[in-house]
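As structure tokens, the structure follows; a few thoughts come after it.
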Amino acid sequence: MSKLSFDWNLHIGVASLREAHLYILSNRVILMKSVTLEITVEGGFHPANQLLAADPSIVRESLHYVTILEDGTIVLLYHLRGDLDKVRTYLMDHEEVISCDVPESEDGLVYIHGRPIEPIRDFFSLARTHGIVFETPITHTERGLKITLSGEEQTLQRVISKIPSDIELTLLRKGERKPRESDIISLLTSRQMEVLTVAVEEGYYETPRGTTHEKIATKLGVATTTVSEHLRKIEQRVFSALVR
């Protein structure tokens, strides 16, 4: 399958710099770029995806969190509507789903920890290995997922070239990455994101918890009270943004 390439034709003025999303890395100011793609892969992007897609009583709204853990498994926060009892049954009976948490209501965020197919594992691992951001929410199209990748221009070029050939790509948009008021990640500092990433990867939000504040602190090389304070502030900021 042919890969995508882009000519950004970047012209930066004072006004665009004020409006653009800027990252500070090694004392350099980097103008973020973004690429919006439709990705399609045979077998779906997560365990039980085909079952959920085929059931008319279930509406797949969007993905609010996706990460690949060090062991190659995938963790999702998936906004679903409809018959969530069926969702629970599908997930609990699926051999590739390790654990899940489905709300009792007919509308909510579903937690899924599972074993993805290889192309999806490699695709979402690009965030970890190349320092890019998969913007959320990620939404469904008739053929797959609509997903926006953000990062430095040269990094995005490298990432596009490394997307597994089993994934079909359609370019929907390219250009400067514009900040959004609803971008929850922008509410967190880089240190808070680091703490949150370790907490999720170590299973802090799983049932039962896979780690503790003390273990997270040891991995980060900080005091336990520092981790506790960061997680409290993270949860306060994220939950406040969700209910505004």
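Heavy atoms only: backbone and side chains are in, while hydrogens, waters and symmetry mates are out.
Remark: of the listed residues V110, L109, L80, V110 is the sole one forming a side chain to side chain contact (heavy atoms under 4.5 Å, CB included) with P103. Exactly one residue among E214, E201, E194, E202 makes a salt bridge (Lys or Arg N to Asp or Glu O under 4.0 Å) with K219. That residue is E202.
Put simply, CG on L84 and CD on E106 are 7.5 Å apart, with the number rounded to the nearest 0.5 Å. Here the CZ atom belonging to R158 is positioned 12.0 Å from the CD1 atom belonging to I160, to the nearest 0.5 angstrom. Note: L126 CG to I132 CD1 = 5.5 Å, rounded to the nearest 0.5 Å.
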query = Given T139 and S62, is the side-chain hydrogen bond (donor to acceptor under 3.5 Å, both in side chains) satisfied, shown in steps?
reply = CA-CA 5 Å; T139 57; S62 54; over 6 Å; no

task = Could you go through the side-chain contact (heavy atoms from CB on, under 4.5 Å) check for C100 and H113 one step at a time?
result = CA-CA 6 Å; C100 64; H113 180 199; over 6 Å; no

message = Please evaluate residues H130 and T155 with respect to the criterion side-chain hydrogen bond (donor to acceptor under 3.5 Å, both in side chains), reporting the C-alpha separation (whole Å), side-chain torsions for both, the decisive distance (0.1 Å), and the verdict.
response = CA-CA 7 Å; H130 288 75; T155 303; over 6 Å; no

query = Is there a side-chain contact (heavy atoms from CB on, under 4.5 Å) between V66 and V75 once you walk through the steps?
reply = CA-CA 6 Å; V66 182; V75 170; over 6 Å; no

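With hydrogens and angles disregarded, no donor-acceptor distance shorter than 3.5 Å links the side chain of R143 to the backbone of I39. T129 places a side-chain N or O within donor-acceptor distance of the main-chain N or O of S125, the cut-off being under 3.5 Å. Counting only distance, with no hydrogens or angles, the side chain of R128 and the backbone of I68 share a donor-acceptor pair below 3.5 Å. In this structure, the side chain of R232 does not engage the main chain of V227 through any donor-acceptor pair within 3.5 Å. Side-chain N or O atoms of T73 include none that pairs as donor or acceptor with a backbone N or O of L69 at under 3.5 Å. Q192 contributes a side-chain N or O that, together with a main-chain N or O of T189, makes up a donor-acceptor pair within less than 3.5 Å.
Looking only at side-chain heavy atoms (C-beta outward), L156 and E152 stay at 4.5 Å or farther from each other.
F134 and F123 have their aromatic ring centers within a separation under 6.0 angstrom. Outside the 6.0 Å centre-distance limit, the rings of Y78 and H64 are not counted as a close aromatic pair.
For E96 and R115, the salt-bridge test passes: some basic side-chain N is under 4.0 Å from an acidic carboxylate O.
Both Y204 and V222 are part of a single hydrophobic cluster, where members link through side-chain heavy atoms under 4.5 Å apart.
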